A.B. asks: 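I have a structure I would like to understand better, so I am pasting it below and will then ask my questions one at a time.
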Amino acid sequence: MWVVLHSGSRGIGNQLAQAHIATAKRLAKEAMLSLEDPDLAWFVQGTPEFDAYVTDMLWARTTPWPTGPR
């Protein structure tokens with residue numbers, strides 16, 4: 001089963017997601033995984049990286065942030 005938490009495409013949600021994506025890509029490279037696309041890297045449930053991702057995405061989902069131009 002795949003679970004994706006959408007935290008928004010702008011602002012803090014995007015920044016958090018980009019940081020976690022970079023970590024997943026780094027871990028996949030270190031593990032010498034052969035991925036068709038590096039963007040398909042993932043976290044394994046139960047790892048500190050997975051827990052940090054879920055924590056940050058849930059926080060971003062529940063924290064109101066202004067979006068759009070001011």
Side-chain angles (χ1 to χ4, degrees):
M1 174 188 293
W2 290 63
V3 176
V4 176
L5 300 176
H6 185 279
S7 62
S9 57
R10 298 175 289 205
I12 192 69
N14 184 290
Q15 291 175 25
L16 288 170
Q18 292 302 318
H20 287 292
I21 289 167
T23 300
K25 287 179 179 181
R26 178 183 53 78
L27 291 173
K29 186 175 181 177
E30 289 174 1
M32 296 189 288
L33 295 177
S34 178
L35 301 175
E36 187 173 322
D37 183 331
D39 286 334
L40 297 176
W42 66 89
F43 294 125
V44 176
Q45 186 174 3
T47 62
E49 294 84 6
F50 177 90
D51 293 342
Y53 166 74
V54 171
T55 298
D56 283 353
M57 292 302 104
L58 290 173
W59 176 83
R61 187 185 72 162
T62 59
T63 303
W65 288 86
T67 59
R70 292 182 177 221

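Remember, predicted model here, so these are calculated numbers, not experimental data. In this chain, numbering begins with 1 at the start of the sequence shown.
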A.B. asks: Any side-chain heavy atom of K25 within less than 4.5 Å of one from D39?
C.D. replies: yes
A.B. asks: Among all residues two or more places apart in sequence or in another chain, which pass the side-chain hydrogen bond (donor to acceptor under 3.5 Å, both in side chains) test with E36?
C.D. replies: none
A.B. asks: For Q45, is the CD atom crowded, meaning more than 12 foreign heavy atoms sit under 6.0 Å from it?
C.D. replies: no
A.B. asks: Below 30° counts as parallel, above 60° as perpendicular, anything between as tilted: where do the rings of F43 and H20 land?
C.D. replies: perpendicular
A.B. asks: So how far is it from T23 OG1 to Q18 CD, rounded to the nearest 0.5 Å?
C.D. replies: 11.0 Å
A.B. asks: Output the distance between atom CH2 (W42) and atom CG (L35), rounded to the nearest 0.5 Å.
C.D. replies: 5.5 Å
A.B. asks: Among D56, T55, I21, which one satisfies side chain to side chain contact (heavy atoms under 4.5 Å, CB included) with L16?
C.D. replies: D56
